[in-house]
2 protein chains.
Amino acid sequence: MTDARPLEDFGPTDAMVADVFQRDCTSRQLLEAVTGRWGVLTVVGLRDGAVRFNALRRRIDGVSEKMLAQTLQTLERDGVVVREVRATIPPHVEYSLTALGRRVADDLTRLIDVLEGATVEVAASQRAYDARRDA
Amino acid sequence: MTDARPLEDFGPTDAMVADVFQRDCTSRQLLEAVTGRWGVLTVVGLRDGAVRFNALRRRIDGVSEKMLAQTLQTLERDGVVVREVRATIPPHVEYSLTALGRRVADDLTRLIDVLEGATVEVAASQRAYDARRDA
DNA sequence: GTATGCACTTACTTTTCGTTAGTGCCACCC
DNA sequence: GGGTGGCACTAACGAAAAGTAAGTGCATAC
């Protein structure tokens, strides 16, 4: 943010005011990275500090190595997570959150609390819906 | 929630304590419905009151009719949105949020505010990342 | 010296998604 | 009164994404 972007770098679809409802807005890309299939669990999984790749993979039940790697790369590119290679013997890789990542993780954690608290209600709603459908 | 679920209805994977990190937890299903490809925008798009199908579709840039219909059905089944047919002439359909939906929408709105406020930072991060990769 | 863990990448399959077209009904326009 | 368009979807098909399995090179543990 220290250097301004020249005006000609702004394309026609690159609105001045960010809006996730707009298809080509940068914030929409970020939303998809963060709330994609494995984005939420990845970000929240890094909330309590630096975690190694395979530890994170074990924490997030169901994620494949491929998808975790891909998700982490996208999030790193977007400035949500940081990848660091520790020069230990043997060397290992640690992932952690940026300042932006921590803000995102806080919001997502609040969301998850709501969702986890709603499971009984949701299961009941599903049963009622399916009963209506079957009839 | 007025009637208790018999103990035998709980399967082995249906933990007593909800945890989104567990693959088979109901809360994980709900997380995927809410944060799926179009879930976030659908829920937040209903935040200011009842909206008709095609109005919502116009609001969410890029969504297809098929995916919006599918997303709304899943969210209805999970008890996040309500579908109501108004008996006007001609009749029309309105979607709105449940109490749970409103709580979810509030959290998601806070998240979106963070994301929309981070676009410049994110664009810079992307450029830096790509420059590193190209080198 | 065999097995396992680490942090990935690549090739292949399956699932999901997007695109297009079609449905029946009604209102509006000229 | 015949054409156009909106409404709220569903169905069929090709394209994109995700899941699965195996391979990589190095290092430690047994």
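On a predicted model such as this, the values are computed, not experimentally measured, just so you know. What you see below is based on every heavy atom in this structure, not just the backbone, and it leaves out hydrogens, waters and symmetry mates. Reminder, nothing fancy here: chain letters follow the sequence lines and each chain counts from 1.
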Quiz prompt | Under-4.0 Å salt bridge between B/R37 and A/E32 | solution = yes
Quiz item: Are the charged groups of B/E76 and B/R83 less than 4.0 angstrom apart, N to O?
Solution: no
Practice problem: Not counting sequence neighbours, which residues clear salt bridge (charged side-chain N to carboxylate O under 4.0 Å, His left out) with A/R47? List them please. | Solution: A/D106
Quiz item: Is the charged tip of B/R28 near the ring of B/F21: under 6.0 Å from the six-membered ring centre and within 45° of its axis?
Solution: no
Starting from [atom2] on [N], measure out to [atom1] on [X] and report it in whole angstrom.
X	N	atom1	atom2	value
A/L56	C/dG5	CG	P	17 Å
A/H92	D/dC26	NE2	C1'	16 Å
A/R52	C/dA7	CZ	C1'	9 Å
A/L72	C/dA7	CG	P	11 Å

Quiz item: How would nucleotides 15-26 of chain C be written as a contact map, 5' to 3', with B for base contact, S for sugar-phosphate-only contact and - for no contact, using protein heavy atoms under 4.0 Å?
Solution: --BBB------S
Practice problem: State, yes or no, whether a side-chain contact exists between B/L108 and B/V34 at a heavy-atom distance under 4.5 Å. | Solution: yes
Quiz item: So, do A/Y95 and A/V51 sit near enough that their side-chain heavy atoms are less than 4.5 Å apart?
Solution: no
Practice problem: Look at the side-chain N and O atoms of B/N54 and state whether any lies under 4.0 Å from the OP1 or OP2 oxygen of D/dA8. | Solution: yes
Under 4.0 Å, counting only non-hydrogen atoms across every strand here, what does [X] touch: a base, just sugar-phosphate, or nothing?
X	result
A/Q73	sugar-phosphate
A/R57	nothing
A/R58	sugar-phosphate

